[in-house]
Student: 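Take a look at the following structure, please.
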Amino acid sequence: MSEPAAMGESTGRAAARTVTVTGSGTAEAAPDLLTLAIGVECRRDNAADAFAAAGAASAAVTGAMRSRGVESRDIRTSGLNVRADVVWQEGRGQQVTGYVASSMLSVRLRDLPAGSEVIAAAVEAGGNDVRLDGVQLGFADAAAVLALARDAAWADARAAAAQLAALAGAELGEVVCVRQHPAPSAPVPMGGMQRAFAADSMPVEPGEPAVGTSLTVEWELLMEAARGERGVGGPG
């Protein structure tokens, strides 16, 4: 229980006793969005050739996805890099042996049943230069799922607070303060897949990702005298 806190003079009360608890809750739902991290990496003798090859491979990947219904608004370039490929040679130090250009795309797939085919088509289009760095399943709008998780967190917090109040010989009164802690990102990672060499479809099982949140709630504690005067209050 918290230390007694001073109340405003207008209330006519010198102090109030409170109990503060943190409750957590989760909710599961069928996902409706798959976020794919896919890119290309090309090595050539000079930077210009590497950059051009990466651009061509990236265009082939995005073209394959668009041809299967992925909208341009759901394809975003999230990384672009050109670097020298160097090795250490005794007596000569670092020597440039070529140049590597890479491009990374973040793609949202809204048709989950077609997700495996879209990924396979993108891998086939990019060939051996393609990299598939992972997929995440989540929700286009997580608000409804988060609301269910919030309900569960509230019930968890209130149950704990009621038990503590009973142990202290009191009952819960009105809610003094509620704080919701930042919820983690909705998408749930499915693991990384480094460098794909085949275009065969790989099943993507959606399952039911969980969304979690937590609430810290402070209740007023009603002692025996207060219960006689006011009764028991607070949300149920």
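Please read these numbers as outputs of a predicted model, since none were measured by experiment.
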Student: So which heavy atom on Pro31 is nearest to which on Gly138, and how close?
Tutor: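 Residues Pro31 and Gly138, closest heavy atoms: CB-O, 3.2 Å.
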
Student: I need the minimum non-hydrogen distance between Ala161 and Leu172, along with the two atoms involved.
Tutor: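 Here Ala161 and Leu172 meet closest at O-CD2, 3.7 Å.
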
Student: Testing the basics here: between Ala149 and Val211, what is the closest heavy-atom pair and its distance to 0.1 Å?
Tutor: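 So the minimum-distance heavy-atom pair works out to CB-O, 3.4 Å.
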
Student: Rounded to the nearest 0.5 Å, what separation is found between the CE atom of Met223 and the CD atom of Glu171?
Tutor: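 One gets 10.5 Å once the value is rounded to the nearest 0.5 Å.
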
Student: So, Glu220 versus Thr18: side-chain donor-acceptor pair below 3.5 Å or not?
Tutor: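 Looking only at side-chain atoms, Thr18 and Glu220 do not form any donor-acceptor pair under 3.5 Å.
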
Student: Looking at Phe139 and Asp32, what are the two nearest heavy atoms and their distance?
Tutor: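 Distance-wise, the nearest heavy atoms are CA-OD1, 3.1 Å.
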
Student: Counting only heavy atoms not in Asp45, do more than 12 sit closer than 6.0 Å to its CG atom?
Tutor: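 For Asp45, atom CG is not crowded (no more than 12 foreign heavy atoms under 6.0 Å).
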
Student: Please determine whether side-chain contact (heavy atoms from CB on, under 4.5 Å) holds for the pair Thr213 and Ser24, giving the CA-CA distance in whole Å, both sets of side-chain angles, and the decisive distance to 0.1 Å.
Tutor: CA-CA 6 Å; Thr213 191; Ser24 59; over 6 Å; no

Student: Can you see which heavy atom on Arg110 is nearest to which on Ala140, and at what distance?
Tutor: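 For Arg110 and Ala140, the tightest heavy-atom pair comes out as NH1-CB, 4.3 Å.
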
Student: Pick one: which of Leu215, Thr216, Leu164 meets side chain to side chain contact (heavy atoms under 4.5 Å, CB included) with Val21?
Tutor: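 Filter result, single survivor: Leu164.
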
Student: Checking salt bridge (Lys or Arg N to Asp or Glu O under 4.0 Å) between Arg43 and each of Asp129, Asp85, Asp49, which is the one that passes?
Tutor: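 Of all the options given, the one that passes is Asp85.
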
Student: Give a yes or no on whether Ile75 and Ile119 share a hydrophobic cluster (residues Ile, Leu, Val, Met, Phe, Trp, Tyr; joining criterion: side-chain heavy atoms under 4.5 Å apart).
Tutor: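 As far as the 4.5 Å side-chain criterion goes, Ile119 and Ile75 are connected within one cluster.
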
Student: Looking only at heavy atoms, what is the nearest atom pair of Arg66 and Ser72, with distance?
Tutor: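 So the two residues come closest at NE-OG, 3.0 Å.
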
